[in-house]
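Numbered from 1 within each chain, the chains take letters A, B, ... in sequence-line order. Values below: every heavy atom of this structure, side chains too, minus hydrogens, waters and symmetry copies.
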Amino acid sequence: MTVSPPAVRTRFAPSPTGYLHIGGARTALFAWAYARHHGGQFILRIEDTDVARSTPEAVQAILDGMQWLGLAHDEGPFYQMQRMARYKEVIGQMLAAGTAYHCYTSIEALDALRAEQEANKEKPRYDGLWRPEPGKTLPSIPPGLSPVVRFRNPTGGVVAWDDLVKWRIEISNAELDDFIIARADGTPTYNFCVVVDDWDMRISHVIRGDDHVNNTPRQINLLQALGAPVPRYGHVSMILGDDGTKLSKRHGAVSVMQYDENGYLPEAVLNYLARLGWSHGDEEIFSLEQFVEWFDLDHITASAAQFNTEKLNWLNAHYIKLADDARLGGEIVRRLAEEGVTATAHPDPALIAGLYKDRVVNLNELADCAHPFYAAVHPSDELAAQHLTAAAKAALADLRRRLASADFSPEALSKTLKETLAATGMKMPQVAIPLRVALLGQPQSPAIDRVLAVLGREETLRRLDQIGL
RNA sequence: GACCCUAUCGUCUAGAGGCCUAGGACAAUACCCUUUCACGGUAUGAACCGGGGUUCGAAUCCCCGUGGGGUCGCCA
């Protein structure tokens with residue numbers, strides 16, 4: 001008889017109190033890749049029990065972000081607010097079993113206790129006043145006060161687990177207090193919901209941020225009190241901002257969708273995030289498929305990693321070069337539209353994308369490059385004075401005559417350009433740069449013959465006429 | 001303050017006792033290419049936090065410092 005290996009089931013469990021930020025995206029990517037690598041399931045769970053701070057907009061933002069990145073879930077999204085009945089059922093069972101108890105200490109009393117402990121430079125923790133013990137007499141229940149439910153945490157020994165990224169972690173039970181699992185209004189709290197969910201959803205590997213390390217021993221104790229299996233845990237380190245400090249709004253792009261707005265391709269963000277804190281030898285550039293094949297938890301760095309926009313930019317430029325022209329053309333249309341510019345069918349946005357894609361770092365730059373093709377061009381006085389000199393105009397006039405009847409393929413245009421050079425005795429830059437200024441309002445562009453070919457005869461002549469030759 | 005985690009070029013990292021006079025990538029610098037600006041190519045500089053051990057031998061193992069991060073809520 002063969003025993004089939006337990007299924008790998010991972011989850012991403014954000015709370016909808018804001019966007020999907022870059023750190024969360026990386027955690028999601030790792031959890032997703034781990035499930036995919038092992039042929040398991042990836043579950044999306046929305047932890048919305050903080051009613052005051054959770055919003056439907058934030059839920060949508062998370063869903064949008066996951067979709068933009070292409071991280072599809074196999075089950076869910078599950079919403080914790082819809083599982084209240086189940087949580088209450090388990091709390092009832094724990095109360096009955098004596099693994100949890102009612103506590104009537106008020107918030108004010110708790111605050112006072114905490115203040116006192118901090119003043120004594122002690123670690124703030126619940127004092128166990130209402131914890132039942134054999135032979136202990138509990139205080140009399142104060143009238144008019146609804147109790148919270150606390151977990152009866154073990155008092156001795158240590159909780160230890162072999163973390164998938166940080167190896168063995170041990171935390172003494174003496175460091176833990178009897179934390180609240182249900183508020184006075186009866187709603188369950190985070191650590192409790194997570195445990196019941198991970199149990200019910202048969203999560204095998206909990207891959208989450210470093211900031212949850214301190215929750216893990218509490219959750220393990222809870223799981224054990226419930227007689228539930230304990231999953232494996234892997235705590236991925238945090239991402240720090242460009243300046244080495246904690247990631248925050250100060251660092252600009254916090255939401256993954258902000259990266260879309262800033263002109264990043266999802267595959268570039270994914271590749272960058274994958275490589276931030278994880279490695280496969282010297283590999284730097286790889287597809288999502290390749291990543292899934294290679295991904296394992298042993299090669300994740302245990303320490304926090306600093307975000308580096310320049311490297312992301314490099315990857316983004318790389319993926320733009322690889323991207324299909326039609327797709328990039330679509331991005332040009334979409335981004336120009338946001339500026340109120342309509343990119344028409346002529347010239348074809350895809351052709352412009354092909355012209356510029358190997359010289360830009362992001363999609364917004366690409367759209368900027370395309371902009372003069374679709375809008376009237378007015379060279380600045382400074383540029384005109386510098387480049388549209390009498391001599392230059394004479395050369396352009398010569399060129400204009402030839403262009404009126406020339407073939408507009410890049411090869412033929414290159415030849416036509418050379419004819420003008422021969423006729424006027426000028427060097428290529430002496431003609432090409434004024435031509436760029438006349439046609440695009442800028443002294444730099446890709447090879448001018450290619451620009452002419454994309455712009456087309458009609459528009460080229462029109463723009464040339466506009467500078468008054 | 002307590003507890004937990006962590007420490008290789010500016011940054012991301014390779015490295016799991018001898019393959020290391022420490023490798024790759026981004027960024028930087030220089031040169032080449034060039035029809036301008038870019039792209040691209042080539043080259044150069046740049047690191048094992050400090051101190052003790054263990055060992056024939058340590059970036060790799062142990063201890064102590066120090067730095068960085070995280071957590072200490074009727075938030076998640």
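Under the 4.5 Å side-chain criterion, counting only non-hydrogen atoms from C-beta, A:L351 is not in contact with A:D325.
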Per-nucleotide protein contact string for nucleotides 41-47 of chain B (B base, S sugar-phosphate only, - none; heavy atom under 4.0 Å)
-------
Sequence-aligned protein contact record of nucleotides 15-32 of chain B, with B where the base is within under 4.0 Å of a protein heavy atom and S where only the sugar-phosphate is
S-------BBBSS-----
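Within 4.0 Å of A:A302, counting heavy atoms only, lie sugar-phosphate atoms of the nucleic acid but no base atom. Residue A:I107 is classed as a base contact, given a heavy-atom separation below 4.0 Å to a base. Note on A:K427: nothing from the nucleic acid sits closer than 4.0 angstrom, heavy atoms only. At a threshold of 4.0 angstrom between heavy atoms, the contacts of A:N215 include nucleobase atoms, whether or not backbone atoms are also involved. At the heavy-atom level, A:T105 lies under 4.0 Å from base atoms of the strands shown. At the heavy-atom level, A:G277 lies under 4.0 Å from the strands shown only through sugar-phosphate atoms. Here A:V213 lies in heavy-atom contact (under 4.0 Å) with sugar-phosphate atoms only.
In this structure, B:C9 makes no Watson-Crick or G-U wobble pair, since no nucleotide meets both defining distances under 3.5 angstrom. The nucleotide B:A28 finds its pairing partner in B:U44, both defining distances of the Watson-Crick or G-U wobble pair being shorter than 3.5 Å. The pairing partner recorded for B:C20 is none, the criterion being a Watson-Crick or G-U wobble arrangement whose two distances lie under 3.5 angstrom. Across the strands present, B:U55 finds no partner; the criterion is a Watson-Crick or G-U wobble pair with both atom distances under 3.5 angstrom. The partner of B:G1 is B:C72, judged by Watson-Crick or G-U wobble contacts that both fall below 3.5 Å.
In this structure, of B:G70, B:C39, B:C74, it is B:C39 that holds the atom nearest to the side chain of A:D358. Distances were taken from every side-chain heavy atom of A:N214 (C-beta onward) to each of B:C72, B:C12, B:G70; the shortest belongs to B:G70. Relative to the side chain of A:L110, the nucleotides B:C74, B:C12, B:U6 differ in distance, and B:C74 lies closest. Closest to the A:R53 side chain, of the nucleotides B:U35, B:A76, B:C3, is B:A76. Candidate nucleotides B:G69, B:A76, B:A7 were compared by shortest atom distance to the side chain of A:L240, and B:G69 ranks first. Of the candidate nucleotides B:A7, B:U35, B:A76, B:A76 has the atom lying nearest to any side-chain atom of A:Q80. The nucleotide whose nearest atom lies closest to any side-chain atom of A:I169 is, among B:C4, B:A2, B:G40, B:C4.
Legend: salt bridge (Lys or Arg N to Asp or Glu O under 4.0 Å) pairs involving residues 415-425 of chain A, not counting sequence neighbours, sorted by first then second residue: A:R402-A:E419.
With both ends at atom P, the span from B:C5 to B:U42 equals 44 Å, rounded to whole Å. Straight-line distance between the P atoms of B:C9 and B:G15: roughly 16 Å, to the nearest whole Å. Spacing between B:U60 and B:C3 at atom C1', rounded to whole Å, works out to 28 Å. Across the P atoms, B:G52 and B:C26 are found 38 Å apart, a figure rounded to whole Å. On the P atoms, B:U11 is 12 Å away from B:C49, given to the nearest whole Å. Comparing the same atom, P, in B:C12 and in B:G69 gives a spacing of 13 Å after rounding to whole Å. B:C39 sits 41 Å from B:C61 when the P atoms are compared, rounded to a whole Å. Between the P atoms of B:A30 and B:G23, the separation comes to 24 Å (whole Å).
To the nearest angstrom, C1' of B:G40 lies 13 Å from CD1 of A:I285. Between A:D210 atom CG and B:C5 atom P there is a gap of 11 Å when expressed in whole angstrom units.
Under the 30°/60° scheme for interplanar angles, the aromatic rings of A:Y233 and A:W161 are found to stand perpendicular. Note: A:F286 and A:W294 have perpendicular aromatic rings, judged against thresholds of 30 and 60 degrees for the angle between ring planes. Ring planes of A:H280 and A:W278: parallel class, angle under 30° (limits at 30 and 60°).
Judged as a side chain to side chain contact (heavy atoms under 4.5 Å, CB included), and not counting sequence neighbours, the contacts of A:N191 are A:F179, A:N215, A:R218, A:Q219. In this structure, the side chain to side chain contact (heavy atoms under 4.5 Å, CB included) partners of A:R83, at least two apart in sequence or on a different chain, are A:R86, A:Y87, A:V196, A:D197, A:D200, A:M201.
Between A:R45 and A:E47 there is a salt bridge, since at least one side-chain N of the basic residue sits less than 4.0 Å from a carboxylate O of the acidic one. Between A:K311 and A:E284 a salt bridge is recorded (basic side-chain N to carboxylate O distance below 4.0 Å). A salt bridge does not link A:D358 to A:K321: none of the charged side-chain nitrogens sits closer than 4.0 Å to a carboxylate oxygen. With salt bridges taken as basic N to acidic carboxylate O contacts below 4.0 Å, one links A:E331 and A:R335.
Along RNA chain B, the nucleotide nearest A:H280 and the nucleotide nearest A:R436 are compared for position; the residue whose nucleotide lies closer to the 5' end is A:H280. Take the nearest nucleotide of RNA chain B for A:F307 and for A:K121: the residue whose nucleotide is more 5' is A:K121.
Side chains of A:D210 and A:S237: no donor on one and acceptor on the other come within 3.5 Å. Between the side chains of A:D50 and A:Y190, not a single donor N or O lies within less than 3.5 Å of an accepting N or O.
With its glycosidic angle within 90° of 0, B:C39 adopts the syn conformation.
Residues from residues 439-450 of chain A placing a heavy atom under 4.0 Å of any atom in RNA chain B, listed by number, are A:P443, A:Q444, A:S445, A:P446, A:A447, A:I448, A:D449.
Look at A:T301 and you'll find a side-chain N or O under 4.0 angstrom from OP1 or OP2 of B:U13.
A:D48 contributes no side-chain N or O that forms a donor-acceptor pair with the base of B:A76 under 3.5 Å.
Between the A:Q430 side chain and the A:K427 main chain, a donor and an acceptor come within less than 3.5 Å of each other.
Both tests do not hold together for A:R131 against A:Y101: distance to the six-membered ring centre under 6.0 Å, angle to the ring axis within 45°.
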